[in-house]
**Student:** 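Here you go, one structure.
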Amino acid sequence: MTIIETHDEIVLSLKDLKKSYGTKTVLQGINLDVRRGQIIGYIGPNGAGKSTTIKILLGLEGDYSGSVEVFGEEISEENIEYKGRIGYVPEIAELYDNLTAKEYLTFVGELYGMEFRKTDLKAKQLMGIFGLEEAYHSRIASFSKGMRQKVLIISSLLHNPDLLFLDEPLSGLDANSVMVFKDILAKLASEGKTIFYSSHIMDVVEKISSRIILLHEGKIAADGSFTELKERNKEGSLEQIFNQITGFNESQKIAEQFVSIVQEV
Amino acid sequence: MKDFRSLKVIDLFRGLFERAGVEYPIMRRIVEVKLTMDGRRTPTIFNQQGRKKEKPEENGFMKSLMMYVILSVMLVPIVLFEGNLLFQMSLFFGIVMFIVMTSMISDFSNVLLDVKDKGILLTKPVGKKTISAAKMVHISIYLFFLTAAVALVPIGAGTARHGLLFLLLSLLCLILMDLFIVVLTAMIYYVILRFFDGEKLKDVINYVQIVLSIMIVAGYQVLVRAFSFTAMEISYQAEWWQFLLPPFWFAAPFQLLMGGEKNVYLLAFTALAVIIPLVSIFIYIRVTPAFERNLQKLNSTGGESRRKERIWKQWMAGAICRSKEERFFFRFADQMMRNEREFRLKVYPSLGMAIIFPFVFMLNDIQINSYAHLITTKWYLSIYTAGMMIPNAVAMLRYSGKYKGAWIYQTAPVKSLAPLYSAALKVFIVNLFLPVYLVLSIIFLIMFGIKIFPDLVAAFVASVLFTAICSNFLKGRLPFSESFADANASGGVKMIAAFLLIAVFIGIHYAVTFVPFGVLLYFLVLLGVTAFAWRYAFRTIWDAH
């Protein structure tokens, strides 16, 4: 495959993607083309199928129907080369926390086929930029939530991937780190990286995404830039658009109920 | 990360792996990381000793192997004595299988049950073959060391005694046995996960860990006595029911090739020893995908595992707790102690020991005199020694795996936390000590007759008093408020103090049995002292906050 240097190149393409667990259907036919350099805000209520989509794209889940193409090639169990160009931050901080940050990061780098020394240097520099140089030789088990998240973010970027899947990547980060990370994402996108960003924090998604995809009950319920969504739905914020599309207009009522139960002592 | 010698051995087979389509350097790296992480865990066998200050890079696993080597000495007489090889070797394989399997389940479950692996490794450009190979190599290294530790000494002794053929057969059978154990363990997990949720499986693993801990301690008791039963002579025949017991399969080739006995049973057993492990590997490979799918259950918490509130517990809480605070603390402590696996792992083994202790002392008397003589004596007073577990268990009350939740005590608007202490101690007595004591009492009543009933009741009250005294170990520490990692094992001093105090109780009790109505009087005095001690402790020791 030759890499065509235009921003029209399709990095990722889903056609009629369906997936079910037993009798429960999670994805009911997703059609999606993602172009190079886009930051996709992938949103939806709990259980809408966001994580499932990402897991299928990474080859963590099989047994789906439809076609999944990444970098122009259909993914399969045998074809694992494409994973070398993907970076992934999982929603739950899954890492071998008995290892030190150095051990873990160099290990991940080597899994991506990088050299030990080069990874070590790179990881150390990146940790330093995040203000964690002191912790580089400590075990991850002793890290705070924000520190772990930073290690995960670094581990997803060590090998300079072309496509990034970020599942709630900001959890635990302080406001300053969030700002830095948002700028990093913008910079990466302008360099031609594609970012698939999944989160529940609507304000952030609204600000950083060049395109927003709203998943509801296993289907794409809305797709477009924030301005486009705003025009279509006549609502002021992404949060309101989200509530409107997912048919959730009971927030006031539920809040009232909740407080009234709280007050019955 | 240091260089592992075992990996250098694996390097010799590099060509083989590469021909099978495994990316060797990556596989080696994965195994290296796994071994590093293993070295940072505390094996169950060391549980009882607790952890000292965490020393860097000390491989707990390698140290635990030494314990197994020592334990394995008790197997030596089994392979050495003159007799039927089928019997000897089936006993040998039975014990080895038991040790390897329990140790495998308690310390190695996280390899078979790793759910992190999937997220971390499969998202990288690493082939499935490489990952499976890494897992296989990892398990093999572990099994190799474990089996070697358990079998090295007895096999060495057996080879010296029976010759080279013995060595060859042993090696072959041990390899087949290991294969069988891996698949069997995986199958057990598979079946449990198929029908229950991950919590159930974790419970099962927890109980195996507890059994292992008891076994290690009890093993030493047996070890001491092992040499005295070497003289047993048993005429031994192969029979059909032995088909059900795998140790017989692995023992059969010995009798067949070295014992000079040939019959259909032995041939069939030998065939099973070879065929079953190989077939089970094949089945294992077939069900692995289904197994991995079920593994996901480990992450999800089952929604319907609601525990029924036990009515008798509520009644008990009402009966023995005076204030409302104490009652809800009682319920809280009850739930904490029942649900927490780490707590069970630390305390349940000592419950097992508490059951065994009183008999250990009587055993000596039986050896000297006889059982008929024993039951006419006052050896029933050895029931006091069940109290040996109290100091350790009470000291453990202050630890919890989820100790960080203890902020709730400080933020809650309760006047005094003393009810929390008394409730936790009452739960300890009701949930942990009382069942053990009841079991012992029933056995003792059967042995010594109904006449000792008052003595047993008096001894129980003494144990409650003892618990109140032991609550000094909790002074200034809130229950469930510290990490188990801080639990250091100053058990020795505690145990000696406890032993002396128990000896005092036994002495007094022994003396009063000679006085008419002495036991009754002793009981009444104890009751008064215990009530006073409890109230005193409530005001002074427990109210320190």
Side-chain angles (χ1 to χ4, degrees), chain A residues 21-22 51 54-55 57-63 75-100 102-116 119-120 137-142 152 155-156 158-159 161 164-165 167, chain B residues 1-2 21-42 54 56-57 59-61 110-111 114-132 134 138 288-290 292-301 404 413 483 485:
Chain A
Y21 296 104
S51 295
I54 292 179
K55 279 181 180 163
L57 283 163
L58 284 159
L60 291 174
E61 294 273 358
D63 292 335
I75 65 165
S76 68
E77 288 220 343
E78 289 75 43
N79 177 16
I80 51 166
E81 297 306 316
Y82 78 96
K83 289 182 188 172
R85 294 172 62 192
I86 290 181
Y88 174 48
V89 175
E91 186 184 5
I92 306 158
E94 273 180 342
L95 27 72
Y96 295 138
D97 53 11
N98 270 340
L99 298 179
T100 64
K102 176 191 162 117
E103 286 165 345
Y104 181 72
L105 290 171
T106 51
F107 172 60
V108 169
E110 280 175 281
L111 287 179
Y112 281 113
M114 295 170 69
E115 232 185 289
F116 177 84
T119 326
D120 187 26
H137 294 281
S138 328
R139 291 196 195 166
I140 300 171
S142 65
L152 271 180
S155 81
S156 73
L158 274 176
H159 57 297
L164 265 172
F165 291 106
D167 205 341
Chain B
M1 238 173 275
K2 55 176 185 175
V22 172
E23 297 156 88
Y24 188 79
I26 302 248
M27 187 208 83
R28 192 182 193 280
R29 194 72 174 87
I30 295 173
V31 178
E32 193 183 347
V33 161
K34 296 280 182 177
L35 291 176
T36 307
M37 289 193 290
D38 287 346
R40 292 174 186 173
R41 282 200 322 259
T42 321
E54 232 178 277
E57 298 307 300
N59 195 335
F61 174 60
N110 60 345
V111 174
D114 206 324
V115 276
K116 273 187 187 171
D117 268 7
K118 205 177 163 186
I120 295 174
L121 298 177
L122 268 184
T123 52
K124 314 291 183 291
V126 181
K128 274 210 166 117
K129 253 186 198 163
T130 309
I131 295 174
S132 321
H138 185 201
T288 304
E292 307 237 302
R293 235 172 296 132
N294 279 329
L295 269 188
Q296 293 309 311
K297 277 188 174 179
L298 278 179
N299 282 341
S300 61
T301 38
K404 284 181 179 153
S483 162

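Throughout, protein chains are lettered first and strands after them, A, B, ... in sequence-line order, and every chain is numbered starting at 1. These numbers come from a predicted model, not from an experiment.
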**Student:** Just give me the residue among A:Glu110, A:His159, A:Glu81, A:Lys83 that pairs up with chain B most often, heavy atom to heavy atom, under 4.5 Å.
**Tutor:** A:Lys83
**Student:** Sort A:Ile86 into side chain, backbone, both or neither according to what part of it lies under 4.5 angstrom from a heavy atom of chain B.
**Tutor:**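 Nothing of A:Ile86, per the 4.5 Å heavy-atom cut-off to chain B.
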**Student:** Is there a side-chain contact between A:Leu99 and A:Leu105 in this structure, where contact means two heavy atoms from C-beta onward sitting under 4.5 Å apart?
**Tutor:** no
**Student:** Between chain A and each of B:Thr123, B:Leu121, B:Ile26, B:Leu122, count heavy-atom pairs under 4.5 Å; write down the option with the most.
**Tutor:** B:Thr123
**Student:** Mind running side-chain contact (heavy atoms from CB on, under 4.5 Å) on A:Tyr112 and A:Thr119 for me, showing each step along the way?
**Tutor:** CA-CA 10 Å; A:Tyr112 281 113; A:Thr119 326; over 6 Å; no
**Student:** Under a 4.5 Å cut-off applied to non-hydrogen side-chain atoms, are A:Lys102 and A:Asp120 in contact?
**Tutor:** yes
**Student:** Measuring heavy-atom distances to chain B, does A:Phe116 have an atom under 4.5 Å in its side chain, in its backbone, in both, or in neither?
**Tutor:**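 Side chain only.
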**Student:** Is the A:Phe107 ring parallel, tilted or perpendicular to the A:Tyr96 ring (thresholds 30°, 60°)?
**Tutor:**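 A:Phe107 and A:Tyr96: tilted rings.
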**Student:** Whether B:Asp117 and B:Lys34 form a salt bridge (side-chain N of Lys/Arg under 4.0 Å from carboxylate O of Asp/Glu) is what I want to check.
**Tutor:**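 B:Asp117 and B:Lys34: salt-bridged.
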**Student:** Contact part of B:Lys124 toward chain A, heavy-atom cut-off under 4.5 Å: side chain, backbone, both or neither?
**Tutor:**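 For B:Lys124, backbone and side chain are both near chain A.
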